[in-house]
Amino acid sequence: MINPEHRKFWNRDFILLLLAQFLLSVSVYSYLTLGAKYSFVSGSMRGVWGLLAYVVGLPLLGAYTSYGVERKRRNHSCIVSMLILAVAMWFTYREMTDVSKVGSHIMLVVLMFVAGLFSGLSQLILQGTLLIDVITSSDRSKAHKFSLAMTVLSACIAPVFSLMVYERIKLSAYLVFIAVLAVAVFCVLLVRFPFRSPADKVWYFSFDRFFYPKKWVVALLSVLASSIFGYIVSNGILVIFSKSISIVQISVIIFALAVMVVLMMLFQSLFSKHIEHCQRSTVHNSQWLCLEWGLVLGVFLRLLSALY
């Protein structure tokens, strides 16, 4: 592996990891969209409570990120998390297609909670550590911008992709999402990371590489803004579910996407203001977590209002 300090920004490893992040995000957002679709079509609250469980699980392993990176091989921690996420998706597919469990909520909620746990952990390691390990330190801020752009792009593409696949193969679409996730794992496997000696003292749980508490006001505003965006976009998705979409509704969705891109840039500048050089990854992970949390929370609230 070439020393990152002597690498170009657009090198092979960075492109592979950026692609892995995009595919991982598409897989997860498609998985969540299909859960929402199932709830809307069946009138069941299973998928809705599953979304809430995902939101709850998303940040819970974040405090373990630093230990998983420092004490374990960083790429191995990411790959194992993604594989556990794939297993959770597989069992979700089995649960959804098992007619005898149509009225059961508990198992699906547990599976989506596990998916939230390991989706959060894998993305925090991938974006906050692996991506910046393969570039120069001076390019890290630029890498974080592209990383967040991939998250927003996948959030826009995944719902449409999910519904297109569902229309063709119904609940077997879960298998396609698992295949997309498998490609993301393969991309990470193609990148070689040198062994690094762990720090002398690493806590099992810490805010390092997870959340930057000094920016809690910005974090709260980011969650609020992205939840509104998630609410608006999910409203458009519900219209698509009912197949009664109009030009005005399409325009509102496109406008919401444009506003979200602007807000992403604004909050990134607010998150990055007055921070130390070594805190950039932690701040980036904080911003991603707020974006993800708000998006799914907005979708959950819209589905809840639609079904009640």
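Side chains are part of it too, since the values below use all heavy atoms of this structure and drop only hydrogens, waters and symmetry mates.
Cys187 SG to Leu19 CG: the interatomic distance, rounded to the nearest 0.5 Å, is 4.0 Å. Of the inter-residue distances, the one linking Met150 atom CE with Ser25 atom OG reads 9.5 Å to the nearest 0.5 angstrom. Taken to the nearest 0.5 Å, the CZ atom of Arg302 stands 14.5 Å off from the CG atom of Leu297. Rounded to the nearest 0.5 angstrom, Leu51 CG and Phe113 CZ are separated by 14.5 Å.
Checked by atom type and distance alone, the side chain of Ser226 pairs as donor or acceptor with a backbone atom of Cys290 at under 3.5 Å. No donor-acceptor pair under 3.5 Å is formed between the side chain of Ser162 and the backbone N or O of Thr33. Here the side chain of Thr129 pairs no donor or acceptor atom with the backbone of Leu126 at under 3.5 angstrom. Side-chain atoms of Asn11 come within 3.5 Å of backbone N or O of Val134 as a donor-acceptor pair.
Qualifying side-chain contact (heavy atoms from CB on, under 4.5 Å) partners for Ala155, counting only residues two or more places apart in sequence or in other chains: Tyr29, Leu295. By the side-chain contact (heavy atoms from CB on, under 4.5 Å) test, Ile169 pairs with Val165, Ser172, Ala173, Val176, sequence neighbours left out. Residues satisfying the side-chain contact (heavy atoms from CB on, under 4.5 Å) test with Ile84, not counting sequence neighbours, are Val80, Val114, Phe118. Under the rule for a side chain to side chain donor-acceptor pair (under 3.5 Å), Ser122 has no partner lying at least two apart in sequence or in another chain. For Trp90, the ring-ring contact (aromatic ring centres under 6.0 Å, His included) test picks out Tyr93, with sequence neighbours left out.
Among residue pairs with one or both ends in residues 148-159, those qualifying as side chain to side chain donor-acceptor pair (under 3.5 Å) are Gln21-Thr151; sequence neighbours excluded. Judged as a side chain to side chain donor-acceptor pair (under 3.5 Å), not a single pair has a partner in residues 174-186 (not counting sequence neighbours).
When every heavy atom of Ser147 is checked against every heavy atom of Gln127, the shortest pair comes out as OG-OE1, 3.1 Å. Of all non-hydrogen atoms in Leu34 and Phe177, the two that sit nearest each other are CD2-CE1, 3.7 Å. Between Val191 and Asn75, the shortest heavy-atom distance links the atoms O-ND2, 4.4 Å. Among all heavy-atom pairs drawn from Glu95 and Leu111, the shortest one is CB-CD1, 4.2 Å.
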Can you give me every donor-acceptor pair (side chain of residues 52-59, partner residue at least two apart or in another chain, under 3.5 Å) with its distance?
| residue | atom | partner | partner atom | Å |
| --- | --- | --- | --- | --- |
| Tyr54 | OH | Ser119 | OG | 2.9 |
| Tyr54 | OH | Glu292 | OE2 | 3.0 |

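Under the 6.0 Å distance and 45° angle rule, Lys170 counts as a cation-pi partner of Tyr166.
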